[in-house]
Amino acid sequence: MNNVNSRPFLLGINGLPVMTNISDISRQIGISSRRIYEYTNYTSSFYHTFEIPKTDKSIRIINAPFSGLKMVQRWILETILYKIKVDTPSYGFLKGKKSPTKQNAEIHSNNLYLFQTDIINFFTNVDFKRVYSIFLKIGYNKEVSLTLARLCCLDGYLPQGGVTSPYLSHLVCFRMDRRIMGLCQKREIVYSRYADDITLSSDNKNDLKKARVYLEQIISDEGFEINPRKTRYSFQKKLVTGLTIHNNKVLVPRILKRELRSKIYNTIVFNDYSSCEVILGYVSYINSIENGYINKVKDYIETLLNNKSIEPERLSIIRLNYKKSPLGSWMENVHTQ
């Protein structure tokens with residue numbers, strides 16, 4: 001294949017590996033050309049497909065690459081895609097973003113009204129042609145772009161579960177994000193996107209209703225479709241990417257905190273530390289959203305360890321078991337604020 005269309009200068013200034021053919025890709029990644037041929041021509045053989053239930057009781061199909069292809073996709077992500085920086089209001093899947101769900105909710109915390117929707121079949125609507133175009137635009141020739149796109153796609157679209165799928169979808173949505181930003185800035189509306197979740201906020205509900213018509217048109221123009229079942233306005237009960245906005249503050253929903261307290265109680269009082277890792281995950285997550293929450297957890301544990309309604313002998317055993325447990329060790333050593 002003719003390689004004169006590659007742009008090594010453009011690749012070089014962006015710190016991207018210069019590759020003009022499959023042999024170059026093979027050498028850069030450190031795998032054989034034959035293996036690349038197998039990955040790009042018998043792609044479905046290198047994926048594990050399974051289903052997970054969604055909150056609305058529907059099914060999400062996940063296509064996860066096996067370890068070899070996963071390693072290749074990781075190389076593409078780290079060596080190529082992460083070096084393509086675009087300034088968009090997207091908060092999902094971006095390297096270096098701290099508490100992205102919190103940031104996505106926080107920018108809407110000072111507005112009264114929310115309009116929220118999501119995109120139907122987000123990843124599967126990012127087809128092979130769009131992915132191929134991304135690699136062409138950053139400077140690779142047709143041969144390299146075709147090969148990289150085939151390594152990232154399954155059955156002609158981005159697989160949900162692929163290592164490169166989230167960031168590629170982010171790059172594909174760049175133009176859509178810029179168009180929606182332009183629409184919202186004219187009307188003093190705040191816009192953000194977390195993967196397929198779209199949120200607009202304003203102090204004027206009528207402005208949101210007017211913007212919705214143009215928003216849907218932009219999304220349609222860009223090859224996507226909104227989900228009418230997940231499209232809503234909200235005022236008093238505001239929930240963004242699973243987080244509650246209350247009195248201009250971003251908080252974890254109470255139901256999650258109650259569930260955590262219940263797990264901690266059962267773990268300590270009944271000496272069943274099988275859920276220890278789950279508890280530590282909950283605590284770390286909530287503390288990342290509500291700074292200092294870990295102190296409340298420590299106080300709650302202290303009340304359990306000093307519960308006078310439990311007979312002294314049993315309470316001593318509870319304290320001893322807690323102290324020896326991974327939970328007790330973690331709580332003793334973790335930094336509090």
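Not counting sequence neighbours, the partners of F224 by the ring pair (Phe, Tyr, Trp, His ring centres under 6.0 Å) test are F122. With sequence neighbours left out, F46 forms a ring pair (Phe, Tyr, Trp, His ring centres under 6.0 Å) with Y39.
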If you look only at distance, which donor and acceptor atoms sit under 3.5 Å apart when one is on a side chain in residues 175-188 and the other is two or more places apart or in another chain?
from : atom 1 : to   : atom 2 : distance (Å)
R175 : NE     : E222 : OE1    : 3.2
R175 : NE     : E222 : OE2    : 3.1
R175 : NH2    : E222 : OE1    : 3.2
D177 : OD1    : Y191 : OH     : 2.7
D177 : OD1    : R193 : NE     : 3.0
D177 : OD2    : R193 : NE     : 3.4
D177 : OD2    : R193 : NH2    : 2.8
R178 : NH1    : D87  : O      : 3.1
R179 : NH1    : E222 : OE2    : 3.0
R179 : NH2    : D221 : OD2    : 3.2
R187 : NH1    : L183 : O      : 3.1

Check residues 204-211 and write down every donor-acceptor pair under 3.5 Å in which the side-chain atom is one partner and the other belongs to a residue at least two apart or another chain.
from : atom 1 : to   : atom 2 : distance (Å)
N204 : OD1    : N206 : N      : 2.9
N204 : OD1    : D207 : N      : 3.1

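At a threshold of 4.5 Å between non-hydrogen side-chain atoms, the residues V126 and L168 do not count as touching.
Sorted by first and then second residue, the salt bridge (charged side-chain N to carboxylate O under 4.0 Å, His left out) pairs with a member in residues 151-163 form an empty list; sequence neighbours excluded. Screening residues 62-75 for salt bridge (charged side-chain N to carboxylate O under 4.0 Å, His left out), with sequence neighbours left out, gives R74-E78. Applying the side chain to side chain donor-acceptor pair (under 3.5 Å) definition to pairs two or more places apart or across chains, those involving residues 114-134 are T117-T231. Annotation: ring pair (Phe, Tyr, Trp, His ring centres under 6.0 Å) contacts involving residues 279-303, sequence neighbours excluded, are absent. Pairs passing the ring pair (Phe, Tyr, Trp, His ring centres under 6.0 Å) check and including a residue from residues 232-257, sequence neighbours excluded, read Y113-F235, F115-Y233. Within the structure, every pair that satisfies the salt bridge (charged side-chain N to carboxylate O under 4.0 Å, His left out) test and touches residues 18-43, not counting sequence neighbours, is listed here: D24-R27, R34-E38, R35-E38. Among pairs with a residue in residues 269-297, those fulfilling salt bridge (charged side-chain N to carboxylate O under 4.0 Å, His left out) read K257-E290, at least two apart in sequence or across chains.
Checking S192 against N104 by side-chain atom types alone, a donor-acceptor pair falls below 3.5 Å.
Using the six-membered ring where Trp is involved, Y42 and Y37 have ring planes that are perpendicular, over 60° apart on the 30 and 60° scheme.
Hydrophobic clustering, defined by side-chain heavy atoms of Ile, Leu, Val, Met, Phe, Trp and Tyr closer than 4.5 Å, groups I62 together with F50, I52.
With respect to the salt-bridge test (charged N to carboxylate O, under 4.0 angstrom), the residues E216 and R212 qualify.
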